[in-house]
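In what follows, chains carry the letters A, B, and so on, assigned in the order in which the sequence lines appear, proteins first and then strands, with residues in each chain numbered from 1.
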2 protein chains.
Amino acid sequence: MTSTQELTKNQSLVFNALARADGPLSAYTILDQLRGDGFRAPLQVYRALDKLLDYGMIHRLESINAFVACSHPHSHNHSHGMIAFAICEKCGQVSEFSDDVITGRVREWTNSNGFKQSKTTIEIRGLCATCGAA
Amino acid sequence: MTSTQELTKNQSLVFNALARADGPLSAYTILDQLRGDGFRAPLQVYRALDKLLDYGMIHRLESINAFVACSHPHSHNHSHGMIAFAICEKCGQVSEFSDDVITGRVREWTNSNGFKQSKTTIEIRGLCATCGAA
DNA sequence: TTTCGATATGTGATGTTATTACATTAGTCA
DNA sequence: TGACTAATGTAATAACATCACATATCGAAA
C-alpha cells in the first residue's frame, strides 16, 4: 500500500482506462472500453474499482455515479483532508481541490456531535469557466 | 412557491411518506408504501419527488440514493447556504446542518475559478453518537 | 361555453447502475 | 504437498431511474 501500488491485470486495465480519459467514466463505459481486453461482466470492473478506491488512486463521484483517476497521484498533500470536486454539467470536466478550513469545520461539527465520520463527499455541480462563459 | 406549497395528491402522499419516516427512504420503498394508495409505477414517485425537490421540501442524499424530508421546514434560515448531511451508516439517521464558513470557502473557490455552481452536496458518512458509542 | 395550453397522471417498457452466488484459478507460505 | 488467501470468470438478479405515449384535469383566453 505504498504510493506505487502493485496492480493486478484487471486493476491496471481499469485504472488506465480512467487515467487516459479526460473526465469521469461510468463503470459500464469502462466495461465497454475493455471488452477488447477480455472483459465481459460488470463485476470485473466493480471489483477493480473497489481496490483502486481502497488504494486512493481513483475517486467515486456519488452525484453522477462515475469514477475519475485521482488528479494528485504523486502527492499525498491533502490525504488527511476532504477532497471537493467541481463537476461541469456541460463538458464533464472535474476539478479536484481540498481546503483545510472546510475540513476543519466539518471536523468541528462531527466532534461536537459525537459523529464518527468515515467518508465525506463534497461535490459542486455547475458550469466550468469555459462552459459558463459561452 | 411560497413557504406553504400547494401540493397535488401524489405529491402529498409522497411527502407525507417521507415526513412520517424517521430516516431517508428510497424511491422504491416509497412506492411500496403507497401501493395501497393506488401507486403502481416508479414514475409516480419520481415525478412527485422532483417537484418536492424543486419546492425545497425534501432533499436527495446522493451517496445512498435516498430522500429525506427537510428538517427545517418552517425556516429559511440557511436557504442561501449549502446544507451538509451527516448520515449514520448503522441506524440510518440523518442530521442536517449548514455552515456559513463552509459555504463561504466553497464560494471563494468557485469565484476564483470561474465556476458557476448550481447545486452542492456535502455528505458525511459514519456513525452517529448513539451507534458509535456501542 | 368552447378551445387552448400547461400541468398532472397512468402505464408499460426500457435503460442504467450495482450486487449476489457460485465456480475456478493463481499465488503464498508453512 | 496442503492449506490459505486473493483474484478472476460468469450468469443471474436486484436496485435505481427514465422514456414514450396515452389520458385527464384545470385555468385562462376567445
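Enclosure of atom CG in B/Asp54 by more than 12 non-hydrogen atoms of other residues, nucleotides or ligands within 6.0 angstrom is indicated.
In this structure, A/Thr8 does not reach the D/dA6 phosphate: none of its side-chain N or O atoms is under 4.0 Å from OP1 or OP2. In this structure, B/Lys9 does not reach the C/dA8 phosphate: none of its side-chain N or O atoms is under 4.0 Å from OP1 or OP2. Close to D/dG9, at under 4.0 Å from its OP1 or OP2, lies a side-chain N or O of A/Gln44. In terms of phosphate contacts, B/Asn65 brings no side-chain nitrogen or oxygen within less than 4.0 Å of OP1 or OP2 of C/dA18. Considering only side-chain N and O atoms, B/Ser26 lies under 4.0 angstrom from the phosphate OP1 or OP2 of D/dC16.
The CG-P distance, from B/Asp50 to D/dC16, rounds to 16 Å in whole Å. If you take CG of B/Leu49 and C1' of C/dA8, they are 15 Å apart, rounded to a whole angstrom. B/Glu6 has its CD atom 11 Å from the P atom of D/dG27, to the nearest Å. The nearest whole Å value for the distance from the CG atom in A/Asp37 to the P atom in D/dG9 is 11 Å. In this entry the distance linking CG of B/Leu7 with P of D/dC26 reads 16 Å, nearest Å. The distance between atom CG of A/Leu61 and atom P of C/dT16, rounded to the nearest whole Å, is 19 Å. Atom CG of B/Leu13 and atom C1' of C/dG10 are 15 Å apart (whole Å). If you take NZ of A/Lys51 and C1' of D/dT8, they are 13 Å apart, rounded to a whole angstrom.
Comparing A/Leu43 and A/Tyr28 by the nucleotide of DNA chain D whose heavy atom lies nearest to each, the residue mapping closer to the 5' end is A/Leu43.
The base of C/dG12 is not paired with the side chain of B/Arg40 by any donor and acceptor separated by under 3.5 Å.
Taking the side chain of A/Asn10 as heavy atoms from C-beta on, and the options C/dA8, D/dT8, D/dC16, the nearest nucleotide is D/dT8. Listed nucleotides C/dA18, D/dT18, C/dT9 differ in distance to B/Gln11; the shortest reach to its side chain belongs to C/dT9. Considering only side-chain atoms of A/Arg47, the nucleotide from D/dG9, D/dA17, C/dT19 that sits closest is D/dG9.
Looking only at side-chain heavy atoms (C-beta outward), B/Tyr55 and B/Leu7 come within less than 4.5 Å of each other.
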Could you go through A/Ser63 and A/Glu123, starting from their C-alpha distance and side-chain angles, then the distance that decides it, and tell me whether this counts as side chain to side chain donor-acceptor pair (under 3.5 Å)?
CA-CA 7 Å; A/Ser63 67; A/Glu123 299 183 14; 2.5 Å; yes

Could you walk me through whether A/Phe67 and A/His59 pass the ring pair (Phe, Tyr, Trp, His ring centres under 6.0 Å) test, one step at a time?
CA-CA 6 Å; A/Phe67 303 83; A/His59 301 290; over 10 Å; no

Check: residues 37-53 of chain B side-chain donor-acceptor pairs under 3.5 Å, at least two apart:
from, atom 1, to, atom 2, distance (Å)
B/Gln44, OE1, B/Arg40, N, 2.6
B/Gln44, OE1, B/Ala41, N, 2.9

